[in-house]
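Have a look at the structure below before the remarks.
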Number of protein chains: 2
Amino acid sequence: MQRNTSRKRANLRDVAAAAGVSVATVSRVMNAPETVAEATRKKVEEAMNSLHWVPSAAARAINTGRTRFVGALVPTLDNAIFARMLASMESRLATHRLSLVVATTDNDPAREAEKAKGLVDIGAEGLVVSGITHAPEFYSLIERCQLPAVSTSFYDPHYQLPTIGYDNAAAARTALAHLTDLGHSRIAVVHGPSASNDRTQARIAGLESHSPKGDLSFYEVPLSIAGGCEAGRNVLQAKKQPTAILCLSDVLASGVLFELQRQGVSVPQEKSVMGLDDLAGSAHLFPELSTVHLPVSRMGAAAADAIAAWVETQKVPGAYLLRSDLVIRTSTAAAASVDC
Amino acid sequence: MQRNTSRKRANLRDVAAAAGVSVATVSRVMNAPETVAEATRKKVEEAMNSLHWVPSAAARAINTGRTRFVGALVPTLDNAIFARMLASMESRLATHRLSLVVATTDNDPAREAEKAKGLVDIGAEGLVVSGITHAPEFYSLIERCQLPAVSTSFYDPHYQLPTIGYDNAAAARTALAHLTDLGHSRIAVVHGPSASNDRTQARIAGLESHSPKGDLSFYEVPLSIAGGCEAGRNVLQAKKQPTAILCLSDVLASGVLFELQRQGVSVPQEKSVMGLDDLAGSAHLFPELSTVHLPVSRMGAAAADAIAAWVETQKVPGAYLLRSDLVIRTSTAAAASVDC
DNA sequence: ATGGTTGATGAAACTGGTTACATGTGTCAA
DNA sequence: TTGACACATGTAACCAGTTTCATCAACCAT
């Protein structure tokens, strides 16, 4: 039995000894190969291979002060909107040679703070969070650690963290305007839980502040397709039937469309249905969903760039507003003549 | 200006000096508070707070040899099937006090190997990959680093890595059997790119090996809803019209359903459509999609448990087979009487 | 009074790299 | 022949923690 075969992993000194050089030379072979003589380099590389040496990330990190990964805190991965954002964030971070650690919060600020702590504990260099509602522990954590952190899915240049997102209130108003422009005045608004979800709150507030003459009725359901179905049923049971249903999330709109179809209510002839998000599947629902496109891919990339710049240069990035655009498809039409 | 205000982060010695104790004592306050006298502990904690001290993850990692995170390599985050798996993996890993680093591979083995290298470089303790097709560099990496790695979405007890997944061939056969049981004999099979996607390959192989008397015609399209639409158009242009369309992924089935609806082909009266995956939205398509349920949430949890056990105890977990179940909804029906 | 045990603490070694600085050699111009 | 300088390499300090072992006081039973 040789010593080499022992289970213990080789370290720098072992390699140096095997190659008959100093640790500094081995280190140079890794970090500045051009400063090492050809022959020496070869010897060292052979030693590395024969010892199956793998550099220790922790040891490097302790010297450079860099771990090369950042954390992202999202409410859930089950909604495609966040998955899509993370997808583009991940690929953009890769161009900065940064990796992405994902943690989910279930929209619970306490859990968010806890997970944020966990990310810091394992060495995250920066954090990307969603929205602007966070636990006090979260704020004290990032303040205490001087941790770069940006907030997404929300735009507010006066918020204490740089925000990279869209104007939720405006997006909701855009959707509403489209419906009112089509002559709808009695409109049902379907939304997910608003408690501790600032995006939803902002969208509702945007509608209320700008509420036209017509009356809006609000329906709060779980943020899922099943929730949308439930909302669809609830709306159909209302005494004064709305001519349009505005869903503050495409996921809910999917459920609403499904339920209306199941109950034989034709869209858009009998009722217009409007979404907000523009998920990949929304263009392929039946009928194709009119919605407001939220540029989550660009947002993910922008958030990646912002947090990368911050951790690299120590400069705090500015807030960044992304436009949201109306996407008119076939689920909306002029208000039924019945109303005229 | 005080020294304290300097930008440099405080370290253990600073805290020890401020509290008037040794570094060992400060370390104990963190890791074994009960061994430190009440009064001393308080002094130390005060010093920690006043210096805004945050322990260095890297320094801890270098001693314990643990970084407390593992990496997951998935083809994409844009398909809900992977997002859902990651969601459950993340939450199960959290119970093991492990975090999850996500990297996407676009089904490219070379990129996968590269990203795997990146994950190792930043200190991942283990890896979870999808499928069994990997680049040689990937295998040499995990062999060289002695890195715990498990494979998901595939079950093969003889594969060199522990596999935690379902039997793709059997799942495809289950779907096919459902259609043939309903009397369908001419069946179109729609699938995504099979090159370097072993799950798709296995599903196709499963169908071919078990192919019934009836003839199957295969349509390969991009794995997206748009791809499904394309497949729908292609199928409708075929000379010999099939009575059923078997999609080897629910995403494709969504597109197919959409296209058939758009073209006025009624489902399941004129054609049955079958999926495979059982995404969250599939129960709410129109018509509700018959499919084979792949237990991706349980798979994510199982993968998390396996990799966690491996990194904690150094024991290699065994392969784990998850059942896939037929889910009959309304998109499939007995073959049209035209055929009789 | 003495020896044994427990509890709290400190000194210093240790983890595995990076890097500032020192050293030694060879080349070239003065 | 010598001084200047580049180049290759080594020595040792350093990063920020953990951990082993030693020390010392207090307490208790003999």
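Each chain gets a letter, A, B and so on, in the order its sequence line appears, and its residues count up from 1.
By the 6.0 Å contact criterion, CZ on B:Arg97 is open, its count of non-hydrogen atoms from other residues, nucleotides or ligands being 12 or less. Within 6.0 Å of atom OH in B:Tyr320, 12 or fewer heavy atoms from other residues, nucleotides or ligands are found, so the atom counts as exposed in its surroundings.
Put simply, CE on B:Met48 is 13 Å from C1' on D:dA16, counting in whole angstrom units. Between the P atom of D:dG17 and the CG atom of A:Asp121 lies a distance of 12 Å, rounded to the nearest Å. Atom pair B:Glu38:CD and C:dT9:P shows a separation of 11 Å (rounding to whole Å applied). We find that CG of B:Asp14 is positioned 13 Å from C1' of D:dC15, with the value rounded to whole Å.
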Pair B:His134-B:Glu112, side-chain hydrogen bond (donor to acceptor under 3.5 Å, both in side chains): steps then yes or no: CA-CA 8 Å; B:His134 305 289; B:Glu112 180 184 65; 2.5 Å; yes
Do B:Val29 and B:Met48 pass the side chain to side chain contact (heavy atoms under 4.5 Å, CB included) test, and can you show the C-alpha distance, the side-chain angles, and the key distance before you say yes or no? CA-CA 10 Å; B:Val29 169; B:Met48 286 177 173; 4.1 Å; yes
Every protein N/O lying under 3.5 Å from an N/O of nucleotides 12-22 of chain C:
| residue | atom | partner | partner atom | Å |
| --- | --- | --- | --- | --- |
| C:dT15 | O2 | B:Asn63 | OD1 | 3.0 |
| C:dG16 | OP2 | A:Asn11 | ND2 | 3.3 |
| C:dG16 | N7 | A:Arg13 | NH2 | 3.4 |
| C:dG17 | OP1 | A:Trp53 | NE1 | 3.2 |
| C:dG17 | OP1 | A:Ser56 | N | 3.3 |
| C:dG17 | OP2 | A:Leu12 | N | 2.6 |
| C:dG17 | N7 | A:Arg13 | NH2 | 2.7 |
| C:dG17 | O6 | A:Arg13 | NH2 | 2.6 |
| C:dG17 | N2 | A:Asn63 | OD1 | 2.7 |
| C:dG17 | N3 | A:Asn63 | ND2 | 3.1 |
| C:dT18 | OP1 | A:Asn31 | ND2 | 2.9 |
| C:dT18 | OP2 | A:Ser27 | OG | 2.5 |
| C:dT18 | OP2 | A:Asn31 | ND2 | 3.3 |
| C:dT18 | O4' | A:Asn63 | ND2 | 3.4 |

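Ion pair A:Arg68/A:Glu312 flagged as a salt bridge, since at least one NZ, NE, NH1 or NH2 atom sits closer than 4.0 Å to an Asp/Glu carboxylate oxygen.
Between the side chain of B:Thr163 and the backbone N or O of B:Asp156, at least one donor-acceptor pair lies under 3.5 Å.
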Using a 3.5 Å limit on both pairing distances, list the dot-bracket string of DNA chain C from the 5' end; Watson-Crick and G-U wobble pairs count, crossing pairs take [ ], interstrand pairs take |. ||||||||||||||||||||||||||||||
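Nearest heavy-atom pair across A:Ser153 and A:Arg199 is O-CG, 3.3 Å.
A search for salt bridge (Lys or Arg N to Asp or Glu O under 4.0 Å) contacts involving A:Arg298 returns nothing, not counting sequence neighbours.
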